[in-house]
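Report on the structure given below.
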2 protein chains.
Amino acid sequence: MGKAVGDRGGVVPLLAEAFRECGFEGASLSVISQRTGLGKGSLYNFFPGGKEEMGAAVLAAIDAWFEAEVFAPLRAAGDPRAAITAMRAAVDAYFRSGRRVCLVGAFALDNVRERFPGQVRDYFAAWRDALAGMLERGGVAAPEAREAAEDALIQVQGALVLCRALDDPEVFTAGLARMEQRLMTLL
Amino acid sequence: MGKAVGDRGGVVPLLAEAFRECGFEGASLSVISQRTGLGKGSLYNFFPGGKEEMGAAVLAAIDAWFEAEVFAPLRAAGDPRAAITAMRAAVDAYFRSGRRVCLVGAFALDNVRERFPGQVRDYFAAWRDALAGMLERGGVAAPEAREAAEDALIQVQGALVLCRALDDPEVFTAGLARMEQRLMTLL
DNA sequence: CGCGCCCTGTACCAATCAGTACAATTGTAC
DNA sequence: GTACAATTGTACTGATTGGTACAGGGCGCG
């Protein structure tokens, strides 16, 4: 019956949004089918592994986005202060000022974490290491850089949780601003 | 067939642990029945409203615990620095140094949030207000106190997420220590 | 024009879901 | 001891779950 989507690449963002809004367990195949406009046949054609493979593909896509837009810029040589501001801007844009949830963080809290153990850990480890490396190049000692990087990630994730809980986007924006400011004072 | 548990009060902690480990949607009635040792008959006898009522009861119990062990001590007059240390200790004990998840935070990220909107928001709002009030009594101006309180909650929730993601309890402990230190420097 | 391969909708599957009904059994009050 | 009510296991419901099978239709290549 013809083709609607060239490759599975175009479907992944729709999958991601479905997982974000309904959770991994909550996103049943019927809602996935509805959101993507694809029947079960197509879904299992693109993702023979079922929901498991869909989840892995979504996590991989998220990781790829952050790798290109956040991690790589952090690793590149350049003004550390500008890099921090750029990271803040990219994160704020990605999470739509708190209106969007971090799927990786949600997976980490949920039990689904045990289904994608490597991908969840690697995402945060890569972020932390890239940020810590940049701070080191800015003159921060290794242990302090690592702690500051972890702290920054904690603030992003915590701000997303509290922002959703209080239903107040301002909480996320203010949290990100504090994160940026704290990183700046280290340099 | 006799009675096994006097009132439903004794069941709630078991329910909470089941929700924490499996998530709200993931905790099916069969696993709940297994974890609590109660058949469906008993469960629906104690909670006629089904899972919805179980979730509400668990949230209420968590709120009651924090109200007694964390919020009330914060509201009570006393040395602010000692109050902060006590809060840190209570939180660390409750979350078992990061091995336990914050169910309210998990609900906030998940879509289940929409089923218990008031309870999730009230829990965090009560915590924030109690902490901010204590800081004000310690001499911190109202806006700064509120911001610092929000920041502390962010750090707790973020530390829980990152701790689970990296599977490293040290992340939670270190995050809590930073939270305590930052509050201290305000006083 | 025709062949063949990918794509896709539909029907179907066993398993499990939350929830209901009810009869059996127990503890308790008298 | 007896009656009553609360408690509980079991069987059952209809709906939905993730996943499979397959036949048919559309497109590219020759």
Side-chain angles (χ1 to χ4, degrees), chain A residues 1-59 103 106-107 110-116 119, chain B residues 1-59 103 106-107 110-116 119:
Chain A
M1 294 181 177
K3 62 166 55 177
V5 182
D7 56 352
R8 75 182 212 177
V11 195
V12 173
L14 298 169
L15 283 177
E17 218 56 40
F19 285 144
R20 257 188 276 265
E21 291 183 26
C22 306
F24 185 73
E25 319 239 20
S28 67
L29 282 191
S30 66
V31 332
I32 290 177
S33 180
Q34 207 171 324
R35 297 290 196 98
T36 60
L38 269 58
K40 286 188 174 192
S42 309
L43 287 173
Y44 276 88
N45 182 41
F46 289 135
F47 307 94
K51 276 183 80 175
E52 194 94 9
E53 190 171 343
M54 298 180 205
V58 167
L59 286 179
L103 197 59
F107 278 15
D110 200 319
N111 229 32
V112 246
R113 170 185 73 136
E114 292 165 15
R115 304 224 231 168
F116 313 98
Q119 289 181 275
Chain B
M1 293 180 176
K3 63 164 57 179
V5 181
D7 57 352
R8 73 183 212 177
V11 197
V12 173
L14 298 169
L15 282 178
E17 218 56 40
F19 285 145
R20 257 188 276 266
E21 291 182 27
C22 306
F24 184 72
E25 319 239 20
S28 67
L29 282 191
S30 67
V31 333
I32 290 177
S33 179
Q34 207 171 324
R35 296 291 197 95
T36 59
L38 268 60
K40 287 188 172 192
S42 309
L43 288 173
Y44 275 89
N45 182 40
F46 288 136
F47 307 95
K51 276 182 78 175
E52 194 94 9
E53 191 171 342
M54 297 180 206
V58 166
L59 286 179
L103 197 60
F107 277 16
D110 200 320
N111 229 31
V112 242
R113 169 184 73 135
E114 292 166 14
R115 303 225 231 169
F116 313 98
Q119 289 181 275

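We name chains A, B, ... by the order of the sequence lines, and we start the count at 1 in each one.
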Handout entry: Residue mapping more 5' on DNA chain D - nearest nucleotide basis, A/Ser28 or A/Gly41
Key = A/Ser28
Completion exercise
When rounded to whole Å, the CD to C1' distance for the pair A/Glu53 and D/dG19 reads 14 Å
Handout entry: Exceeds 12 heavy-atom contacts within 6.0 angstrom, atom CD of B/Glu52
Key = yes
Handout entry: Rounded interatomic separation in angstrom, taking CG from A/Leu43 and P from C/dC6
Key = 19 Å
Handout entry: Under 4.0 angstrom between B/Ser30 side-chain N/O and C/dC17 OP1 or OP2
Key = yes
Problem - Whole angstrom value for the distance that separates C1' of C/dA18 from CD of B/Glu25 - result: 12 Å
Handout entry: Nucleotide C/dA18, atom P - distance to CD of B/Gln34 in whole Å
Key = 13 Å
Practice task
Compare every heavy atom of A/Ala18 with every heavy atom of A/Ala27, then report the nearest pair and how far apart it is.
Solution key: CB-O, 4.1 Å
Practice task
Report yes if at least one side-chain N or O of A/Ser42 is closer than 4.0 Å to OP1 or OP2 of C/dG9; otherwise report no.
Solution key: yes
Handout entry: Options D/dG19, C/dT20, C/dT8, nucleotide nearest the side-chain atoms of A/Asn45
Key = C/dT8
Exercise for the section: Could you state the atom-to-atom distance from OH of A/Tyr44 to C1' of C/dT8 in whole Å? Expected result: 15 Å
Practice task
In whole angstrom, give the distance that lies between atom CZ of A/Phe46 and atom P of D/dG19.
Solution key: 17 Å
Exercise for the section: Measure the distance from NZ on B/Lys51 to P on C/dC17 and round it to the nearest whole Å. Expected result: 9 Å
Practice task
Starting at CZ of B/Phe24, measure out to CZ of B/Arg115 and round the result to the nearest 0.5 Å.
Solution key: 4.5 Å
Problem - Residue pair A/Phe19 / A/Ile32, side-chain heavy-atom distance below 4.5 Å - result: yes
Fill in the blank from the handout: A/Phe47 CZ to D/dG19 C1', in whole Å, measures 16 Å
